[in-house]
Amino acid sequence: MNTIANSGTFTLGDHTVRRLGYGAMQLAGKGVFGPPRDRAEAIAVLREAVESGVNHIDTSDFYGPHVTNEIIREALHPYDSDLLIVTKVGATRGPDASWNPAFSRAELTQAVHDNLRNLGLDVLDVVNLRAMFDVFGTAEGSLDEPLEALADLKQQGLIRHIGLSNVTAKQIEDAGKITDIVGVQNQYNLAHRQDDALIDTLASRGVAYVPFFPLGGFSPLQSSTLSNVAARLDATPMQVALAWLLQRSPNILLIPGTSSRGHLRENLAAAAIELPSDALSELDNMQA
(Lines give C-alpha, C1' and ligand atoms only; values in the text may rest on other atoms or scores of the structure.)
Protein backbone atom coordinates (compact mmCIF):
# COMPACT_ATOMS: atom_id res chain seq x y z
CA MET A 1 0.00 0.00 0.00
CA ASN A 2 1.44 3.41 -0.89
CA THR A 3 1.82 5.69 2.10
CA ILE A 4 0.46 8.85 0.51
CA ALA A 5 -3.06 7.42 0.74
CA ASN A 6 -2.74 8.30 4.44
CA SER A 7 -2.63 12.00 3.54
CA GLY A 8 -6.32 12.04 2.63
CA THR A 9 -7.90 13.80 -0.33
CA PHE A 10 -9.38 17.15 -1.26
CA THR A 11 -11.13 18.49 -4.34
CA LEU A 12 -9.28 20.88 -6.64
CA GLY A 13 -11.26 21.91 -9.69
CA ASP A 14 -12.97 18.77 -11.00
CA HIS A 15 -10.41 16.41 -9.45
CA THR A 16 -10.24 14.71 -6.09
CA VAL A 17 -6.50 14.65 -5.39
CA ARG A 18 -4.35 13.13 -2.69
CA ARG A 19 -3.18 15.90 -0.40
CA LEU A 20 0.50 15.07 -0.88
CA GLY A 21 1.41 15.97 -4.45
CA TYR A 22 4.55 16.98 -6.32
CA GLY A 23 5.97 20.33 -7.47
CA ALA A 24 7.99 20.23 -10.68
CA MET A 25 9.97 23.46 -10.23
CA GLN A 26 13.20 21.73 -9.23
CA LEU A 27 13.26 19.65 -12.41
CA ALA A 28 14.71 22.63 -14.28
CA GLY A 29 18.34 23.71 -13.98
CA LYS A 30 19.95 25.85 -11.29
CA GLY A 31 17.81 28.86 -10.43
CA VAL A 32 14.85 27.19 -12.19
CA PHE A 33 16.56 28.13 -15.46
CA GLY A 34 17.78 25.95 -18.30
CA PRO A 35 17.87 22.16 -18.53
CA PRO A 36 18.43 19.82 -15.58
CA ARG A 37 21.80 18.30 -14.84
CA ASP A 38 20.28 14.81 -15.19
CA ARG A 39 17.23 14.66 -17.45
CA ALA A 40 16.90 10.89 -17.09
CA GLU A 41 16.64 11.24 -13.31
CA ALA A 42 14.05 14.01 -13.69
CA ILE A 43 11.92 11.69 -15.81
CA ALA A 44 12.40 8.87 -13.32
CA VAL A 45 11.31 11.13 -10.44
CA LEU A 46 8.05 12.00 -12.19
CA ARG A 47 7.27 8.41 -13.08
CA GLU A 48 7.99 7.18 -9.55
CA ALA A 49 5.87 9.95 -8.05
CA VAL A 50 2.85 8.89 -10.10
CA GLU A 51 3.51 5.19 -9.51
CA SER A 52 3.59 5.99 -5.77
CA GLY A 53 0.09 7.46 -5.90
CA VAL A 54 0.71 11.16 -6.56
CA ASN A 55 -2.10 12.53 -8.72
CA HIS A 56 -1.47 16.28 -8.37
CA ILE A 57 1.52 17.84 -10.15
CA ASP A 58 2.24 21.56 -10.02
CA THR A 59 4.23 23.18 -12.82
CA SER A 60 4.59 26.24 -15.05
CA ASP A 61 5.90 26.92 -18.52
CA PHE A 62 8.09 29.67 -17.07
CA TYR A 63 10.08 27.01 -15.18
CA GLY A 64 13.09 26.65 -17.43
CA PRO A 65 11.37 28.25 -19.36
CA HIS A 66 9.48 25.37 -21.03
CA VAL A 67 11.81 22.77 -19.47
CA THR A 68 9.62 21.23 -16.77
CA ASN A 69 6.56 20.97 -18.99
CA GLU A 70 8.54 19.27 -21.73
CA ILE A 71 9.93 16.79 -19.18
CA ILE A 72 6.46 16.12 -17.75
CA ARG A 73 5.15 15.40 -21.24
CA GLU A 74 8.06 13.08 -22.04
CA ALA A 75 7.69 11.22 -18.75
CA LEU A 76 3.92 10.92 -18.38
CA HIS A 77 2.06 11.60 -21.65
CA PRO A 78 -0.55 10.28 -22.39
CA TYR A 79 -1.74 11.22 -18.92
CA ASP A 80 -3.84 9.04 -16.66
CA SER A 81 -7.35 10.46 -16.27
CA ASP A 82 -6.77 10.56 -12.50
CA LEU A 83 -3.79 12.93 -12.84
CA LEU A 84 -4.29 16.66 -12.27
CA ILE A 85 -1.65 18.97 -13.73
CA VAL A 86 -1.86 22.53 -12.38
CA THR A 87 0.11 25.27 -14.10
CA LYS A 88 0.84 28.97 -13.54
CA VAL A 89 0.92 32.07 -15.73
CA GLY A 90 1.73 35.72 -15.08
CA ALA A 91 5.52 35.75 -15.44
CA THR A 92 8.26 35.30 -18.01
CA ARG A 93 11.99 34.67 -17.67
CA GLY A 94 14.57 37.08 -18.98
CA PRO A 95 17.79 35.91 -20.66
CA ASP A 96 19.55 36.68 -17.35
CA ALA A 97 17.14 34.27 -15.56
CA SER A 98 15.18 37.22 -14.07
CA TRP A 99 11.49 36.83 -13.19
CA ASN A 100 9.37 39.43 -14.97
CA PRO A 101 5.64 40.23 -14.87
CA ALA A 102 3.61 39.12 -17.90
CA PHE A 103 0.07 40.32 -17.21
CA SER A 104 -1.15 41.62 -20.56
CA ARG A 105 -3.92 39.81 -22.41
CA ALA A 106 -1.50 38.89 -25.21
CA GLU A 107 1.12 37.55 -22.79
CA LEU A 108 -1.41 35.50 -20.84
CA THR A 109 -2.93 34.09 -24.02
CA GLN A 110 0.54 33.13 -25.24
CA ALA A 111 1.35 31.54 -21.89
CA VAL A 112 -1.79 29.41 -21.95
CA HIS A 113 -1.02 28.22 -25.48
CA ASP A 114 2.61 27.52 -24.52
CA ASN A 115 1.45 25.38 -21.60
CA LEU A 116 -1.03 23.52 -23.80
CA ARG A 117 1.61 22.81 -26.45
CA ASN A 118 4.45 21.81 -24.15
CA LEU A 119 2.28 19.64 -21.91
CA GLY A 120 0.50 18.08 -24.89
CA LEU A 121 -2.99 19.03 -23.72
CA ASP A 122 -6.12 20.38 -25.38
CA VAL A 123 -7.34 22.07 -22.19
CA LEU A 124 -5.64 23.07 -18.93
CA ASP A 125 -7.51 21.80 -15.86
CA VAL A 126 -6.31 24.50 -13.46
CA VAL A 127 -4.36 27.66 -14.26
CA ASN A 128 -3.07 29.81 -11.40
CA LEU A 129 -2.45 33.52 -11.98
CA ARG A 130 0.82 34.40 -10.24
CA ALA A 131 0.72 37.96 -8.89
CA MET A 132 4.01 39.77 -9.59
CA PHE A 133 3.62 43.09 -7.77
CA ASP A 134 6.42 41.78 -5.53
CA VAL A 135 8.40 38.84 -6.88
CA PHE A 136 9.32 37.63 -3.39
CA GLY A 137 6.05 38.09 -1.54
CA THR A 138 2.48 39.31 -1.61
CA ALA A 139 1.66 42.95 -2.39
CA GLU A 140 -1.58 44.75 -3.14
CA GLY A 141 -2.49 45.60 -6.72
CA SER A 142 -5.39 45.00 -9.08
CA LEU A 143 -5.62 41.63 -10.82
CA ASP A 144 -8.85 42.51 -12.61
CA GLU A 145 -7.49 42.81 -16.15
CA PRO A 146 -5.41 39.60 -16.16
CA LEU A 147 -8.23 37.66 -14.51
CA GLU A 148 -10.70 38.93 -17.09
CA ALA A 149 -8.30 37.71 -19.80
CA LEU A 150 -8.09 34.27 -18.18
CA ALA A 151 -11.86 34.17 -17.72
CA ASP A 152 -12.22 34.75 -21.46
CA LEU A 153 -9.83 31.86 -22.17
CA LYS A 154 -11.89 29.75 -19.78
CA GLN A 155 -15.03 30.65 -21.73
CA GLN A 156 -13.22 29.59 -24.92
CA GLY A 157 -12.66 26.15 -23.40
CA LEU A 158 -8.87 26.37 -23.03
CA ILE A 159 -9.01 26.48 -19.21
CA ARG A 160 -11.38 24.62 -16.88
CA HIS A 161 -10.59 26.32 -13.56
CA ILE A 162 -8.65 29.34 -12.29
CA GLY A 163 -6.60 29.77 -9.13
CA LEU A 164 -4.28 32.41 -7.66
CA SER A 165 -0.70 32.48 -6.44
CA ASN A 166 1.23 34.94 -4.24
CA VAL A 167 -1.89 36.93 -3.37
CA THR A 168 -3.50 38.84 -0.51
CA ALA A 169 -6.91 38.22 1.05
CA LYS A 170 -8.27 41.33 -0.69
CA GLN A 171 -7.06 40.12 -4.09
CA ILE A 172 -8.80 36.79 -3.50
CA GLU A 173 -12.05 38.50 -2.59
CA ASP A 174 -11.85 40.80 -5.63
CA ALA A 175 -11.02 37.87 -7.91
CA GLY A 176 -14.14 36.01 -6.82
CA LYS A 177 -16.24 38.78 -8.35
CA ILE A 178 -14.74 38.00 -11.77
CA THR A 179 -14.44 34.19 -11.77
CA ASP A 180 -14.61 31.23 -9.40
CA ILE A 181 -11.30 30.64 -7.62
CA VAL A 182 -10.59 26.97 -6.86
CA GLY A 183 -7.20 27.28 -5.16
CA VAL A 184 -4.65 29.66 -3.64
CA GLN A 185 -0.87 29.17 -3.58
CA ASN A 186 1.05 31.27 -1.05
CA GLN A 187 4.12 30.97 1.11
CA TYR A 188 3.19 29.33 4.40
CA ASN A 189 5.03 27.08 6.82
CA LEU A 190 5.78 26.58 10.49
CA ALA A 191 7.77 29.81 10.63
CA HIS A 192 5.59 31.97 8.35
CA ARG A 193 1.94 31.76 9.37
CA GLN A 194 0.57 35.08 8.15
CA ASP A 195 -2.13 33.19 6.21
CA ASP A 196 -3.58 31.40 9.25
CA ALA A 197 -6.93 33.19 9.10
CA LEU A 198 -7.02 32.96 5.29
CA ILE A 199 -6.52 29.19 5.34
CA ASP A 200 -9.47 28.77 7.69
CA THR A 201 -11.65 31.05 5.56
CA LEU A 202 -10.79 29.14 2.39
CA ALA A 203 -11.40 25.81 4.14
CA SER A 204 -14.90 26.95 5.07
CA ARG A 205 -15.53 27.67 1.37
CA GLY A 206 -14.08 24.39 0.12
CA VAL A 207 -11.16 26.17 -1.59
CA ALA A 208 -7.76 24.48 -1.68
CA TYR A 209 -4.70 26.15 -0.15
CA VAL A 210 -1.31 25.11 -1.54
CA PRO A 211 1.67 26.33 0.54
CA PHE A 212 5.11 26.70 -0.97
CA PHE A 213 8.54 26.84 0.72
CA PRO A 214 7.64 24.40 3.55
CA LEU A 215 11.06 24.98 5.15
CA GLY A 216 11.77 28.54 4.01
CA GLY A 217 12.96 31.34 6.29
CA PHE A 218 13.50 29.49 9.55
CA SER A 219 15.56 31.09 12.31
CA PRO A 220 18.30 28.98 14.00
CA LEU A 221 16.07 28.49 17.06
CA GLN A 222 13.11 27.42 14.94
CA SER A 223 15.31 25.03 12.99
CA SER A 224 16.62 23.59 16.26
CA THR A 225 13.10 23.05 17.60
CA LEU A 226 12.04 21.32 14.39
CA SER A 227 15.16 19.15 14.37
CA ASN A 228 14.59 18.10 17.98
CA VAL A 229 11.01 17.04 17.26
CA ALA A 230 12.15 15.19 14.13
CA ALA A 231 14.84 13.31 16.06
CA ARG A 232 12.31 12.14 18.64
CA LEU A 233 10.05 10.85 15.88
CA ASP A 234 12.89 9.26 13.89
CA ALA A 235 12.01 11.51 10.95
CA THR A 236 13.67 14.29 9.00
CA PRO A 237 12.87 17.96 9.65
CA MET A 238 11.30 18.20 6.19
CA GLN A 239 9.04 15.22 6.91
CA VAL A 240 7.88 16.79 10.17
CA ALA A 241 7.26 20.16 8.49
CA LEU A 242 5.16 18.45 5.82
CA ALA A 243 3.29 16.35 8.39
CA TRP A 244 2.49 19.51 10.39
CA LEU A 245 1.04 21.13 7.28
CA LEU A 246 -1.11 18.07 6.54
CA GLN A 247 -2.49 18.21 10.09
CA ARG A 248 -2.95 21.99 10.02
CA SER A 249 -6.09 22.02 7.83
CA PRO A 250 -7.89 19.53 5.54
CA ASN A 251 -7.83 21.96 2.58
CA ILE A 252 -4.02 22.15 2.51
CA LEU A 253 -2.47 20.41 -0.51
CA LEU A 254 1.29 19.91 -0.51
CA ILE A 255 3.58 20.07 -3.55
CA PRO A 256 7.13 19.44 -2.26
CA GLY A 257 9.60 19.34 -5.11
CA THR A 258 12.82 17.47 -5.71
CA SER A 259 15.00 16.25 -8.57
CA SER A 260 16.03 13.09 -6.70
CA ARG A 261 14.12 9.82 -6.29
CA GLY A 262 15.63 9.30 -2.86
CA HIS A 263 14.41 12.69 -1.68
CA LEU A 264 11.03 12.04 -3.30
CA ARG A 265 10.62 8.89 -1.21
CA GLU A 266 11.48 10.81 1.96
CA ASN A 267 8.89 13.47 1.15
CA LEU A 268 6.14 10.98 0.36
CA ALA A 269 6.83 9.11 3.60
CA ALA A 270 5.69 12.23 5.49
CA ALA A 271 2.11 11.14 4.78
CA ALA A 272 2.55 8.26 7.21
CA ILE A 273 3.59 10.51 10.12
CA GLU A 274 0.93 11.34 12.70
CA LEU A 275 2.32 14.03 14.96
CA PRO A 276 1.47 13.34 18.63
CA SER A 277 -0.16 16.08 20.69
CA ASP A 278 3.05 17.05 22.51
CA ALA A 279 4.94 17.47 19.23
CA LEU A 280 2.08 19.47 17.73
CA SER A 281 2.01 21.75 20.76
CA GLU A 282 5.76 22.31 20.60
CA LEU A 283 5.64 23.11 16.89
CA ASP A 284 2.55 25.29 17.19
CA ASN A 285 4.30 27.38 19.83
CA MET A 286 7.65 27.49 18.09
CA GLN A 287 9.27 30.87 18.69
CA ALA A 288 11.49 32.93 16.42
Within 6.0 Å of CG in Asp278, more than 12 heavy atoms from elsewhere: yes
Minimum side-chain heavy-atom gap Phe33-Phe62 below 4.5 Å: no
Steps toward salt bridge (charged side-chain N to carboxylate O under 4.0 Å, His left out) verdict (Arg232, Glu282): CA-CA 12 Å; Arg232 295 204 308 269; Glu282 189 171 348; 3.0 Å; yes
Side-chain heavy atoms of Leu158 within contact of Val123, under 4.5 Å: no
Pair Asp58 + Lys88: basic N to acidic O under 4.0 Å: yes
Exercise: identify the closest heavy-atom pair between Ala271 and Asn6: O-CB, 3.3 Å
Thr109 side-chain N/O to Arg105 backbone N/O, donor-acceptor pair under 3.5 Å: yes
Heavy-atom side-chain contact between Leu119 and Ile72 under 4.5 Å: yes
Salt-bridge contact Asp200-Arg248 (side-chain N to carboxylate O under 4.0 Å): yes
Verdict with reasoning, Ser219 to Gln222, per side chain to side chain donor-acceptor pair (under 3.5 Å): CA-CA 5 Å; Ser219 71; Gln222 289 167 333; 3.3 Å; yes
Side chain proximity check, Leu242 to Pro256, heavy atoms < 4.5 angstrom: yes
Shared hydrophobic cluster for Tyr209 and Leu190 (ILVMFWY, side-chain gaps under 4.5 Å): yes
Residues Ser104 and Glu107: side-chain donor-acceptor under 3.5 angstrom: yes
Aromatic ring pairing Trp244/Tyr188, orientation class (parallel under 30°, perpendicular over 60°, tilted between): parallel
Close side-chain approach of Glu70 and Arg117, heavy atoms under 4.5 Å: no
Partner of Asn115 under side-chain hydrogen bond (donor to acceptor under 3.5 Å, both in side chains), chosen from Thr59, Asn69, Asp61: Asn69
Cationic N near anionic O, under 4.0 Å, Glu41 to Arg261: yes
Side chains of Val54 and Arg18 in contact at under 4.5 Å (non-hydrogen atoms): no
salt_bridge(Glu74, Arg47) N-O dist < 4.0 Å: no
Over all atoms of both residues, closest heavy-atom pair of Ile181 and Gly163: CG2-CA, 4.2 Å
Pair Glu140-Thr168, side-chain donor/acceptor within less than 3.5 Å: yes
Hydrophobic cluster identity match, Leu46 and Ile85, side-chain contacts under 4.5 Å: yes
Atom pair CG (Asn166) and CZ (Phe133), whose distance is rounded to the nearest 0.5 Å: 10.0 Å
Exercise: do Asp114 and His66 side chains pair donor with acceptor under 3.5 Å: no
N-O pairing of Arg205 and Glu173 below 4.0 Å: yes
Criterion side-chain contact (heavy atoms from CB on, under 4.5 Å) on Gln194 and Thr138, from CA distance to verdict: CA-CA 11 Å; Gln194 62 271 27; Thr138 60; over 6 Å; no
Neighbour count >12 (heavy atoms, 6.0 Å) for atom CG, Asn285: yes
Lys/Arg-Asp/Glu bridge criterion (N-O < 4.0 Å) met for Glu48, Arg265: yes
